[in-house]
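See below for the structure under consideration.
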There are 2 protein chains.
Amino acid sequence: MKLSTKGRYGLRAVLELAVHESDEAVALSLIAERQRISMNYLEQLIPKLRKAGIVKGIRGAQGGYLLAMPADQISIGDILRALEGDLNPVNCADVSNGDGSCSNSDTCVTKYVWKRISDSINDAVDGIMLSELVEESKRVQAEAEIPTNSDSKKQSCGK
Amino acid sequence: MKLSTKGRYGLRAVLELAVHESDEAVALSLIAERQRISMNYLEQLIPKLRKAGIVKGIRGAQGGYLLAMPADQISIGDILRALEGDLNPVNCADVSNGDGSCSNSDTCVTKYVWKRISDSINDAVDGIMLSELVEESKRVQAEAEIPTNSDSKKQSCGK
DNA sequence: TTTAAAACCGAGTGATTTAATCGGAATTAG
DNA sequence: CTAATTCCGATTAAATCACTCGGTTTTAAA
């Protein structure tokens, strides 16, 4: 029940893009360097994000990537589903027959559980917009640079 | 982001035990047969459930397994965590240093996302008691045996 | 007291998935 | 032109998954 590095690295990459957003594209090598992720590996995550309409690539020299939409219109759910596939805890394929009916009734009862889990995960990630993380990121950044001892409720990151 | 067969098979096995609950133990071979799960494989799931205090084993001939607690005191979360380990989408180990501080601040921001997902999953599964599934299971069973066409809102299992 | 049914235990294994790496082709600003 | 960069597909080592197997211990029943 773990997210793979696809989701973890990919979200960090998109967030990096969103935080440093401007009119000029950001090269993948820069994202990889700043996030300390293998560029070769990141490279194969990008097509998923591109197909989902989350980022767009600018080819050629001085090229790079841009968000394909404003950050407040991209949910974390969109990003994670693009990278990981659906966020359901089980594949429905192995509990249903070709016609959609259940192959056995016991599985059918546990299906009720899987549905509840699935809904709660999707509701959670769809309820967070990329822009929220950008704001949070900038806030944390500012706190780290000007360590004003008044109002430092979290030092480092907390436990 | 998938549950393994540990969680899927294990929950079905516990449910089987709960549905056929009586004062005499149910042999693993019977559970395996009824749920069409490899007994050898089920056998290695049992220690997890036993250590978590969910089932207890009766050794020797005519032995088998019993729920260690009433079904209304066992949550689906208890069962799934026993079988799968924690239900967090990421291992905190790789985002925190030994002292609990974050190794980098960007990861720290995504951590906010992982926490939200984790909480929503755990809330969902802790909100379902084994006894609820037992009731649901019996209801489905009864419906299947006496297919009264009045009041059959779900045939087979629905899509 | 033997016997058979069962839980209990740990080691081994083939298949699949993950997390990458690598080499090269296409595109484009300068 | 040329260097930077996206884009694409193949390969691979390591880890994990989903089991299997052989054996030991315990205990009810004959």
Side-chain angles (χ1 to χ4, degrees), chain A residues 1-14 17 23-52 54-68 80 83-86 89-91 93-94, chain B residues 1-14 16-17 23-52 54-68 83-86 89-91 93-94:
Chain A
M1 199 58 180
K2 290 279 180 278
L3 235 38
S4 71
T5 53
K6 291 194 198 81
R8 302 208 309 276
Y9 293 179
L11 177 55
R12 279 165 61 193
V14 174
L17 215 52
D23 49 353
E24 53 194 50
V26 182
L28 198 60
S29 56
L30 196 57
I31 298 174
E33 188 192 347
R34 287 206 276 231
Q35 288 292 328
R36 292 191 203 85
I37 298 170
S38 149
M39 175 177 154
N40 281 324
Y41 188 50
L42 254 194
E43 206 176 3
Q44 76 183 164
L45 265 38
I46 287 285
K48 296 168 186 286
L49 294 167
R50 198 152 31 81
K51 280 168 197 157
I54 292 166
V55 305
K56 60 185 171 193
I58 311 293
R59 302 189 65 164
Q62 313 308 317
Y65 293 95
L66 292 169
L67 289 185
L80 291 180
L83 293 160
E84 297 271 341
D86 67 65
V90 304
N91 278 331
D94 65 0
Chain B
M1 200 58 179
K2 291 278 180 279
L3 235 38
S4 71
T5 52
K6 291 194 198 82
R8 301 207 310 275
Y9 293 179
L11 177 56
R12 279 165 59 194
V14 174
E16 177 68 34
L17 215 51
D23 49 351
E24 53 194 49
V26 182
L28 199 58
S29 56
L30 197 57
I31 298 175
E33 189 193 347
R34 287 206 276 232
Q35 288 293 327
R36 294 193 202 83
I37 299 170
S38 149
M39 175 178 153
N40 281 324
Y41 188 50
L42 254 194
E43 206 176 3
Q44 77 183 164
L45 266 36
I46 288 284
K48 296 168 187 285
L49 294 167
R50 197 151 31 80
K51 280 169 198 158
I54 292 166
V55 304
K56 61 183 173 197
I58 311 293
R59 302 188 67 163
Q62 313 309 316
Y65 294 96
L66 291 169
L67 289 185
L83 293 161
E84 296 271 342
D86 66 66
V90 303
N91 279 328
D94 64 1

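Convention: sequence-line order gives letters A, B, ...; per-chain numbering from 1. In this text the structure is predicted, and so the values were computed from the model without any measurement.
A distance of 9.5 Å separates CG in A:Leu49 from OH in A:Tyr65, rounded to the nearest 0.5 Å.
A:Ala52 meets the side chain to side chain contact (heavy atoms under 4.5 Å, CB included) test with A:Ile54, A:Ala82; sequence neighbours excluded. Contacts of B:Ala32 classified as side chain to side chain contact (heavy atoms under 4.5 Å, CB included), with partners at least two apart in sequence or in another chain: B:Met39, B:Leu42. Evaluation of the side chain to side chain contact (heavy atoms under 4.5 Å, CB included) rule for A:Glu33 yields A:Leu30 as partners, not counting sequence neighbours. Residues forming a side chain to side chain donor-acceptor pair (under 3.5 Å) with B:Lys56 (at least two apart in sequence, or on another chain): none. In this structure, the side chain to side chain contact (heavy atoms under 4.5 Å, CB included) partners of A:Glu43, at least two apart in sequence or on a different chain, are A:Leu28, A:Asn40.
Atom pair B:Ile37:CD1 and D:dC19:P shows a separation of 9 Å (rounding to whole Å applied). In this structure, A:Leu3 atom CG and C:dT17 atom C1' are separated by 15 Å, rounded to whole Å. For the pair B:Glu84 CD and D:dA18 C1', the computed distance is 12 Å after rounding to whole Å. One interatomic measurement links the two molecules: CZ of A:Arg12 to P of C:dA19, which rounds to 13 Å at whole-angstrom precision. Rounded to a whole Å, the NZ atom of A:Lys48 is 11 Å from the P atom of C:dA19. Rounding to whole angstrom units, CE of residue B:Met1 and P of C:dT17 are separated by 18 Å. Distance B:Asn91 CG to C:dT18 P: 15 Å, rounded to the nearest Å.
Map A:Leu42 and A:Lys6 each onto its nearest nucleotide of DNA chain C; the residue landing nearer the 5' end is A:Lys6.
Between A:Tyr41 and A:Lys6, some side-chain heavy-atom pair lies under the 4.5 Å cut-off.
Distances shorter than 4.0 Å separate none of the side-chain N or O atoms of A:Tyr41 from OP1 or OP2 on C:dT18. Dashed line: the shortest gap from a side-chain N or O of A:Tyr9 to OP1 or OP2 of C:dA19 is not under 4.0 Å. Here A:Ser38 does not reach the OP1 or OP2 of C:dA20: none of its side-chain N or O atoms lies under 4.0 Å away. Residue B:Ser4 places none of its side-chain N or O atoms closer than 4.0 Å to OP1 or OP2 of D:dT16.
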* Structure fact -> Its contact letters, B for base, S for sugar-phosphate only and - for none at protein heavy atoms under 4.0 Å, make nucleotides 4-10 of chain C read -BSBBB-

